[in-house]
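See structure below.
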Amino acid sequence: MCLCWNNCCLASVLRKLFEESLTFARANFSPFRFSTEPSDTLAVRGAPTLLNCSVHNESPAKIEWKKDGSFLSLASDDRRQVLAEGSLLISSVVHSKHNKPDEGVYQCVATIDNLGTIISRTARLNVAGIPRYLSQPEASSVRVGDSHMLNCEVNPDLVSFIRWEQNKEPVELDQRVFTLPSGALVISNATEADAGLYRCVIDNAGPTKTSEEAEIQILPESGEERTLEFLLEPQHVSKVVGESVLLPCVVTGYPTAYVTWIQFLVTGMKNSELLGGGSLRIFNLTEKDTGVYSCMADNTNGSIEAQTELTLKASPQFLKKPANIFAHEATDIIFECEVTGSPALTIKWVKNGDAVIPSDYFKIIEQNLQVLGLVKSDEGFYQCLAENDAGNVQAGAQLIILDQDVAIPSPPPTSLTRATTDRLIPGSRGGAGPTPSAPRDVVASLVSTRFIKLTWRLPAEPHGDDVTYSVYYSLEGNNRERIVNTSRPGEMQVTIQNLMPDTKYSFRVMAHNRNGPGESSAPLTVATQPEVQVPGPAPNLQAVVTSPSTVSLSWDMPLTGEIQNYKIYYMEKGMDSEQVKPSSSILCNIMYKSVMIFDNACEMFMVENRWNSVSIMVRWQPPPADAQNGEITGYKIRYRKGTRKSEAAEITSGSQLYQLIDGLQRGTEYMLRVSAITVNGTGPATDWTTAETFESDLDETTVPDVPSSLHVRPLVNSIVVSWTPPENQDIMVRGYTIGYGIGSPHAQTIKVDYKQRYYTIENLNPSSHYVITLKAFNNVGEGIPVYESAITRPQSVPDPLPMLPPVGVQASVLSHDTIKVTWADNSLPKNQKITDARYYTVRWKTNIPANTKFKVANTTTLTHTVTGLKPNTLYEFSVMVTKGRRTSTWSMTAHGTTFETIPSSAPKDVTVVSKEGRPRTIIVNWQPPSEANGKITGYIIYYSTDVNAEVHDWVIEPVVGNRLTHQIQDLTLDTTYYFKIQARNSKGMGPMSDAVQFRTPKGKPAHSPDMSGTGDNHILVIVIIVSVGAFTIILVVVGAFLCTRRTTTQQKKKRAACKSANGSHKYKGNSKDLKPPDLWIHHERLELKPIDKSPEPNPVMTDTPIPRTSQDITPVDGSMDPMLQRRNSYRGHESEDSMSTLAGRRGMRPKMMMPFDAQPPQPVISAHPIHSLDNHHHHYHLGSLASPTCSYLHHQSSTRSIATPISHLDRAESTGESALVGLCEELHRPAFSTPTAHVRPTHPLKSFAVPAIPAHPMYDSAALPSTPLLSQTGPHSVKTASIGTLGRTRTPMPVIVPSAPDVSESSRLHEDNYETDELTEEMAHLEGLMKDLNAITTA
């Protein structure tokens, strides 16, 4: 016995060692994969084609092919065969209009016995059609340098076979001559070598086929302007990432257009090139290349623009591929698969080449596959297949099920669930010690409809302290077990969830210690509780109007639940309140007054497409009796297909309230309406109602089958339910019923249309266990339900508090296109050092135009430099900080205006027209440059008779300000001129505009009345100048004669008299008897005005600079008389429209205009006030000007006045004798000057008035308003006059006005009677000379 036992024991040990060696030999993953997979192929009819496929593995694999999902039978096929490496060879492709046996979707299938099966990605085989030309190239004439396009439209699948020939020789393609994706040939910048005969050839697609020849003639450029137009505009295009694309933009016109791509300029793509100066080719497309592209062509005559959108598809790409897995039976695993692509992907899982159907044990969660309760048959190869419009990919992994006593190779694969990993840890620690015995007293302490709680006691022999437990459970009669582990050692209870109601489960518990798993407890069978039988919805509810105030309702009995009674809920249309009526039967009549309101239309209109696929049953009720307006004799049913206008009609009798419309099309939507007919005519019709016929005649004698699948995706407050229809498509399905609730699927019920395949159940509680049921129904009733459960996700953590926005945002302008933005972050330490992963978002925009969108940029520092801005533009900036999920609000805005820069474009729309009535005068008009880059401060007009002359040889006309028009006069008649304009701002000059040609008209300007009138004015001015000069000489002689007659003694007495005059005024009244002639009128226009001190030590005169332009002249004061204002205004206008001659100006010298007025010149005199030597009086007086002899002498030296504001001086009385003597004496004194007084007489021969020192303070009240002057710092004040002429370059003439001498009282008494007669005689003589001069000027 013992020997036998030993032999048996030895045999058992050897057998076990052999099985373990086989197990370890199998416990290696096989390198079974595809090394080559088929790809999409375009084949040619009658030609061979090859679909590649090869497998990498240590042992040979059997390779088969599928076409359109079915295996190909190639045993007796002499056209198609599988090569040794696995590729499929089709020796001769067959393709016709009605027979396409080779075109379709192919897939390679590889199988290794006792290992598994894998499938390749799918590949489509297309067959090129019969070559035919949809359009032929056409003959044309092309100008040298222009672009042209030759069309050759063929079948879309033959475009790749097109080539072009010129004079029956292949056309050499380059960046100037290229083909478009449509097959058209583009010739850009045409040359004479491009002339010839062109034809389009379809080659390598069967017999060679050529198009008609088209002759291209190359003509020389005529120089005539041709409007820009597109020969081909870019169209919307969709490409796959990684491919290349050509965006055509072919433009013709003269001058040759310059083509730019807006998106191309903005993004600065390096993977692109321009073909033919217009079309854009982009290589190796990436996601950033998607967007709207704008092709803009412009020349000097205008611009045109076309836009297109480039969208990209991304073929599926694996971010994470499934990994090989070792596992034990009864464990749960997850194959992870993460794929990206665009558009949306379709994910499928296959096991050994067969599709994985989701069930209770196989679940597709997002893109991953979860397998619950592994069994030995689950071993094999699992593949994740992803597909979209751009392509399809596959990746696989192998699953190996190990025996329970074989440890999982460490480390445990990450794709195992936590429960499985926890289960494997004890097994991996297998030791030589004893294992626990079976747990005791396993009972179900809590049983519900969806979960069961198990408890047990410690094993009798635990053999250790840290004992853990695993619970295995399965459906009764099913060998697929699942496992749940306890959460911590020593815990002896577990709750099994997600069970089905009213279902029996088998449970067993196994203990683990450090030595491994112990014995299993005896199986425990427990049944979950049944669902609470709440009645389901009443199916097949129908309502029929039996009278104007009654509706009859009928329904079928619910399939589940015990029925005690029913409640009918109804509501009047347009009302919110619902009413309830109890009922104990399935038939109920409801009395109502006005459920619907109809205007003599059918009261109730119901369409039923329940008959068959080509018929629609229409039912209705008559209008209310008070709205029938007589006896109804019939009803008219109008119907039409979709939204078409053509209608068909059928008429019934007045008592028939239904009509079957037959002979309709299958699967078509129809619109119907019904109207009642009386002897008076047809009443109003009901609204249009739609109904759709079925695709085929379906069976409705039985309820639908169970839906083939039901999937749920729980969210926090909702569950997305999706399903597929019943597999038996021959039974009518009119809709689906969705039931759901916590623990029971009958709490809420929703009905959806038969076309719908998904529904979102909303307003659910988070972290709650919901049961969902789905049933298909038709008029017979509801079909068999399918159940699913889901636990809504827990409530997400509330969003964190927002961060503090950045503060102290500042915008520092660096240049005309760059602004640096800086800010501070209060959430950072004081040193503002960033140590975490926060980043900042800067946004900016300008408000011109108002709808400008923000541009943004991210940075990880506290500064950001924004470039590419527009010059002289105000921008606003704000900043936001982001840290993880926390973001701040936008900060307060900072503003910055970029610096100006020189204009980057020339003035536009330059036009030259002749001025009417003045053939030698032209008017130049223009518009400001589109890119002024600052405030325009002026323009420069260049003109010349030679368009090719150097710039410095052109005549220039400066225009100050932002005027957009200018006159140029005295041009040569019948002469061609060329004009250019250049804009300037504070930063400099911009580019010149293109030359504009203008030819002056023919004429005889010498005899024009304007010129003769100007000549007369010149003669009159010459006469006046000669007269004034002669009169000035006379005055000088008379003044010299009077001064030399006085002896030295008399002069001393007079000085004494002048000195005493400042101290006493008691004899002032006697001077009233002697008054000088009234030669000094308009004295109220004398103005005392300070001027800057001359840098000379003893300045004697003040210069009045010649104004550079008419804008530099000070405007005329409002107090000036109207005649003077009009005269000054006229002179300013002539300055703007000043004449310019071609011969008088060359180079860059600015023009100096010297217009002559018809009026005589007017003086401009700047006089300085004179203080008396007695400083305590501080009188400002002009006694030195009292003498007509000396003052008039200076007056004759002036010519014209500068228009400046005018003030008044106090008038004072003075004796002519004392003033004359003072004037003559001061002719020999040194002069000092500071303030000036400007005199503006309105007549050139009227001198300024002579105010004197007031005799006594009592005279102040009668004086005119005075203008205070700056106080003098020296002991003497000297008056100087500056004489300037408008528009003339003349050196200012000094006018030396002597100070009044100090006269004593005794000398003044003696002086009153000194040679009074002689003085009166001289003054009378001067008055006569003045009258003669007035007579001359008046004539």
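Heavy-atom basis, side chains included; hydrogens, waters and symmetry copies ignored. It should be emphasised that the depicted structure is a prediction, and the values quoted were computed from it without experimental measurement.
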Inset, instruction - With sequence neighbours excluded, give me every salt bridge (charged side-chain N to carboxylate O under 4.0 Å, His left out) pair touching residues 295-319. - result: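 Of all non-adjacent pairs touching residues 295-319, none passes salt bridge (charged side-chain N to carboxylate O under 4.0 Å, His left out).
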[atom1] of [X]: more than 12 outside heavy atoms within 6.0 angstrom?
X    : atom1 : answer
K321 : NZ    : no
N962 : CG    : no
M892 : CE    : no

Side chains of residues 875-884: which donor-acceptor partners sit under 3.5 Å, not counting sequence neighbours?
unit_1 : atom_1 : unit_2 : atom_2 : d
Y875   : OH     : K870   : N      : 2.9
S878   : OG     : R843   : NE     : 2.8
K883   : NZ     : D836   : OD2    : 3.1

Legend entry - Main-chain N/O of Q307 paired with S294 side-chain donor or acceptor, under 3.5 Å: no
Legend entry - Test item: N872 side-chain N/O and F899 main-chain N/O as donor-acceptor pair under 3.5 Å: no
Inset, instruction - Would you please name every residue forming a side-chain contact (heavy atoms from CB on, under 4.5 Å) with S930, sequence neighbours left out? - result: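 S905, K908.
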If I compare all heavy atoms of [X] with all of [Y], which pair ends up nearest, and what's the gap?
X    : Y    : value
L180 : L232 : CD1-CD2, 3.0 Å
S993 : P907 : CB-O, 3.5 Å
N189 : G145 : OD1-CA, 3.4 Å
C295 : V259 : SG-CG1, 3.6 Å
S315 : N388 : CA-OD1, 4.2 Å
T792 : S767 : OG1-N, 2.9 Å

Check side-chain hydrogen bond (donor to acceptor under 3.5 Å, both in side chains) between [X] and all other residues, then give those that pass, not counting sequence neighbours.
X    : value
T179 : none
D174 : none
E900 : S986
N826 : none

Distance in Å, [X] [atom1] paired with [Y] [atom2], rounded so as to fall on 0.5 Å steps:
X    : Y    : atom1 : atom2 : answer
R143 : T256 : CZ    : OG1   : 12.5 Å
T859 : I834 : OG1   : CD1   : 7.5 Å
L231 : S147 : CG    : OG    : 7.0 Å
C337 : E366 : SG    : CD    : 11.5 Å
N392 : E387 : CG    : CD    : 5.0 Å
H864 : T841 : NE2   : OG1   : 10.0 Å

With a 4.5 Å limit on heavy-atom distance, are the side chains of [X] and [Y] in contact?
X    : Y    : value
N925 : V913 : yes
P234 : W261 : yes
Y943 : I968 : yes
L964 : P928 : yes
N858 : V856 : no
L280 : I282 : yes
Q795 : V716 : yes
V947 : F979 : no

Inset, instruction - Tell me, with the steps shown, if E243 and V241 meet side-chain contact (heavy atoms from CB on, under 4.5 Å). - result: CA-CA 6 Å; E243 294 181 349; V241 173; over 6 Å; no
Legend entry - Residue pairs, two or more places apart or on separate chains, that pass ring-ring contact (aromatic ring centres under 6.0 Å, His included) and touch residues 272-291: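 Not a single pair qualifies under ring-ring contact (aromatic ring centres under 6.0 Å, His included).
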Inset, instruction - Show the numbers, then the answer: is there a side-chain contact (heavy atoms from CB on, under 4.5 Å) between E957 and I940? - result: CA-CA 6 Å; E957 285 281 343; I940 294 180; over 6 Å; no
Under 3.5 Å, is there a donor-acceptor pair between the [X] and [Y] side chains?
X    : Y    : result
T937 : N985 : no
Q367 : E338 : no
T300 : D994 : no
R121 : S39  : no
Q982 : Y942 : yes

Inset, instruction - Decide yes or no on salt bridge (charged side-chain N to carboxylate O under 4.0 Å, His left out) for D825 and K833, but give the supporting numbers first. - result: CA-CA 10 Å; D825 192 343; K833 185 176 181 180; over 6 Å; no
For residues 245-254, which side-chain donor-acceptor pairs fall under 3.5 Å, sequence neighbours excluded?
unit_1 : atom_1 : unit_2 : atom_2 : d
T252   : OG1    : D146   : OD1    : 2.9
T252   : OG1    : D146   : OD2    : 2.7

Legend entry - Pairs flagged by side-chain hydrogen bond (donor to acceptor under 3.5 Å, both in side chains) wherever residues 229-242 is involved - sequence neighbours left out: S238-T311
Legend entry - Salt bridge flag under 4.0 Å for residues K320 and E336: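 Salt bridge flag = yes for E336 with K320.
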Inset, instruction - Tell me, with the steps shown, if I819 and T898 meet side-chain contact (heavy atoms from CB on, under 4.5 Å). - result: CA-CA 7 Å; I819 293 180; T898 51; 3.8 Å; yes
Inset, instruction - Kindly write out the residues that satisfy salt bridge (Lys or Arg N to Asp or Glu O under 4.0 Å) with K820, not counting sequence neighbours, or none if the list is empty. - result: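 For K820 there are no salt bridge (Lys or Arg N to Asp or Glu O under 4.0 Å) partners, ignoring immediate neighbours.
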Inset, instruction - Taking salt bridge (Lys or Arg N to Asp or Glu O under 4.0 Å) as the test, write out the residues that go with D817, two or more places apart. - result: none
Distance flag, aromatic centroids of [Y] and [X], threshold under 6.0 Å:
X    : Y    : answer
W954 : Y978 : no
W844 : F854 : no
F998 : Y977 : no

Legend entry - Test side-chain contact (heavy atoms from CB on, under 4.5 Å) applied to V186 and H148, M149, R176, the passing residue: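 With V186 as partner, side-chain contact (heavy atoms from CB on, under 4.5 Å) holds for just one option, M149.
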Inset, instruction - Could you give me the CA-CA distance, side-chain angles and deciding distance for V809 and T893, then say whether side-chain contact (heavy atoms from CB on, under 4.5 Å) is met? - result: CA-CA 7 Å; V809 181; T893 58; over 6 Å; no
